[in-house]
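A quick write-up on the structure given underneath.
These values consider heavy atoms only, across backbone and side chains, with no hydrogens, waters or symmetry-generated copies.
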Amino acid sequence: MAVASVQQSRIAGPKSTLLGVAGLGFAWYMLPGVLMLPFMFIWGMERWQYDTIVTWAHVISASIIVTWYTRIIGRKFRSLLANPIGGRTVVSSVATGIVLAGVGELLWGASLVDGITVIALRFDPAVNFGTPVLFIGAVVLTPLVHEAFFRGVLQEHARTSLSAGGAILVSGTAFALLYASLFYIGGATSMVVTILFLFPQGCLFGYLYQHHNTILAPAIAHALVNLYAFSSLLL
């Protein structure tokens with residue numbers, strides 16, 4: 001049934017396509033929790049252990065969804081790497097990642113309205129014990145796998161019924177909403193601040209994918225942003 005629903009949503013018009021995007025996003029949100037369920041019975045888990053499990057659960061679940069999606073639409077994962085990555089792609093991707101990391105540095109610790117402070121742009125230094133395993137998951141694998149999902153799956157799915165710009169906005173919105181659920185700290189104001197920070201970031205990643213026609217472009221920029229988030233553990 002899920003296979004038929006996804007296939008149908010690709011050809012039934014914008015409304016159905018957006019529902020398909022929502023369904024795929026819901027799967028991305030829920031599946032890691034299913035994978036983490038056995039670990040929830042472990043009492044006294046340290047912060048670094050929890051962050052590592054969360055990171056790898058998202059890597060594995062996103063990989064499962066991307067593999068499943070590409071199979072049912074008759075594509076292969078390597079089709080997401082359509083264009084060979086060249087010098088201009090690398091330069092624009094690195095520049096985007098550096099700019100976004102720089103914005104993160106400027107916002108880190110900034111006090112906003114109602115006593116809200118921007119604190120969700122770096123990993124907690126308490127995860128030092130798991131640095132190598134977490135680094136591989138968060139900085140090496142997460143950017144590639146998540147860009148394959150948000151751009152190679154969601155953006156491409158939206159592109160079947162929407163313009164290129166519309167598809168970028170859809171993937172950017174999904175990226176902001178779903179990632180905000182990971183970084184959520186505090187009340188509604190914190191959630192809104194996080195979404196406002198992540199939305200342009202997701203749209204820039206979407207533009208890189210659309211412009212260069214390879215998920216390696218947004219993955220490089222995403223990796224640099226995650227590397228910045230990891231800097232508190234490396235310095």
Side-chain angles (χ1 to χ4, degrees), residues 1-38 53-85 89 93 136-164 166-179 181-182 202-203 205-223 226:
M1 182 179 294
V3 171
S5 297
V6 169
Q7 291 174 330
Q8 180 65 23
S9 72
R10 287 171 55 83
I11 59 175
K15 183 177 180 179
S16 182
T17 298
L18 292 176
L19 287 174
V21 169
L24 291 164
F26 181 76
W28 182 92
Y29 182 78
M30 295 300 296
L31 186 55
V34 175
L35 297 177
M36 290 173 58
L37 189 59
I53 291 171
V54 169
T55 297
W56 280 89
H58 275 275
V59 167
I60 294 170
S61 63
S63 300
I64 291 172
I65 296 171
V66 171
T67 301
W68 174 77
Y69 181 86
T70 52
R71 281 187 177 182
I72 67 173
I73 66 170
R75 296 178 64 186
K76 294 183 178 180
F77 180 82
R78 65 172 175 267
S79 68
L80 302 178
L81 311 171
N83 283 345
I85 189 166
T89 302
S93 300
I136 294 172
V139 180
V140 179
L141 296 179
T142 291
L144 181 62
V145 174
H146 279 190
E147 290 309 312
F149 174 75
F150 284 101
R151 260 44 76 176
V153 173
L154 296 191
Q155 188 165 317
E156 285 292 334
H157 192 84
R159 188 71 177 88
T160 59
S161 296
L162 303 175
S163 65
I168 290 173
L169 290 175
V170 168
S171 73
T173 300
F175 181 83
L177 293 175
L178 292 172
Y179 256 61
S181 68
L182 300 183
C203 289
F205 291 160
Y207 173 79
L208 287 174
Y209 174 70
Q210 175 66 31
H211 184 70
H212 297 289
N213 198 27
T214 172
I215 59 168
L216 291 178
I220 290 172
H222 194 154
N226 285 12

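- Rounded to the nearest 0.5 Å, atoms OG1 (Thr160) and CD (Gln155) are 12.0 Å apart.
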Under the side chain to side chain contact (heavy atoms under 4.5 Å, CB included) criterion, do Ile65 and Leu31 qualify, and how do the steps go?
-> CA-CA 9 Å; Ile65 296 171; Leu31 186 55; 4.3 Å; yes
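- When every heavy atom of Pro218 is checked against every heavy atom of Glu147, the shortest pair comes out as CB-OE1, 3.3 Å.
- No donor-acceptor pair under 3.5 Å is formed between the side chain of Thr214 and the backbone N or O of Ala217.
- Expressed to the nearest 0.5 Å, how far CG of Leu154 lies from CG of Leu178 amounts to 7.5 Å.
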Can you list the steps and then say if Phe175 with His146 is a side chain to side chain contact (heavy atoms under 4.5 Å, CB included)?
-> CA-CA 9 Å; Phe175 181 83; His146 279 190; 5.9 Å; no
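- Judged purely by atom type and a 3.5 angstrom limit, Thr142 uses its side chain to pair as donor or acceptor with the backbone of Gly137.
- Side-chain atoms of Leu169 and Leu162, non-hydrogen and from C-beta on, never get closer than 4.5 Å to each other.
- Taken from CD in Gln210 to CD in Glu156, the straight-line distance is 7.5 Å, to the nearest 0.5 Å.
- For the pair Val153 and Val21, the minimum side-chain heavy-atom distance is 4.5 Å or more.
- In summary, the aromatic rings of Phe205 and Phe150 are positioned with their centroids too far apart to meet the 6.0 Å limit.
- Counting only residues at least two apart or in different chains, salt bridge (Lys or Arg N to Asp or Glu O under 4.0 Å) contacts with residues 19-36 are absent.
- Across Ile60, Val66, Thr67, a single residue satisfies side chain to side chain contact (heavy atoms under 4.5 Å, CB included) together with Ile64, and that is Ile60.
- Leu35 and Ala57 make their closest contact through CD1-O, 3.6 Å (heavy atoms, listed as atom of the first residue, atom of the second, distance).
- Pro143 and Ala223 get closest at one heavy-atom pair: CG-CA, 3.5 Å.
- When side chains are defined from C-beta on, Leu141 counts as touching Trp56, because their heavy atoms get closer than 4.5 Å.
- Side-chain N or O atoms of Arg159 include none that pairs as donor or acceptor with a backbone N or O of Ile168 at under 3.5 Å.
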Given the rule in the side chain to side chain contact (heavy atoms under 4.5 Å, CB included) test, do Trp68 and Leu24 qualify, once you have shown the distances and angles that lead to the verdict?
-> CA-CA 11 Å; Trp68 174 77; Leu24 291 164; 4.0 Å; yes
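- If you take CD1 on Ile53 and NE2 on His58, they are separated by 12.5 Å, rounding to the nearest 0.5 Å.
- In this structure, the separation between NE2 on His157 and OG on Ser171 is 13.0 Å, given to the nearest 0.5 Å.
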List the steps, then state whether side chain to side chain contact (heavy atoms under 4.5 Å, CB included) holds for Ile85 with Ile220.
-> CA-CA 11 Å; Ile85 189 166; Ile220 290 172; 3.4 Å; yes
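- Side-chain contact between Leu144 and Ile215: present, with at least one pair of heavy atoms (C-beta onward) separated by less than 4.5 Å.
- Taken from OH in Tyr29 to OG in Ser61, the straight-line distance is 12.5 Å, to the nearest 0.5 Å.
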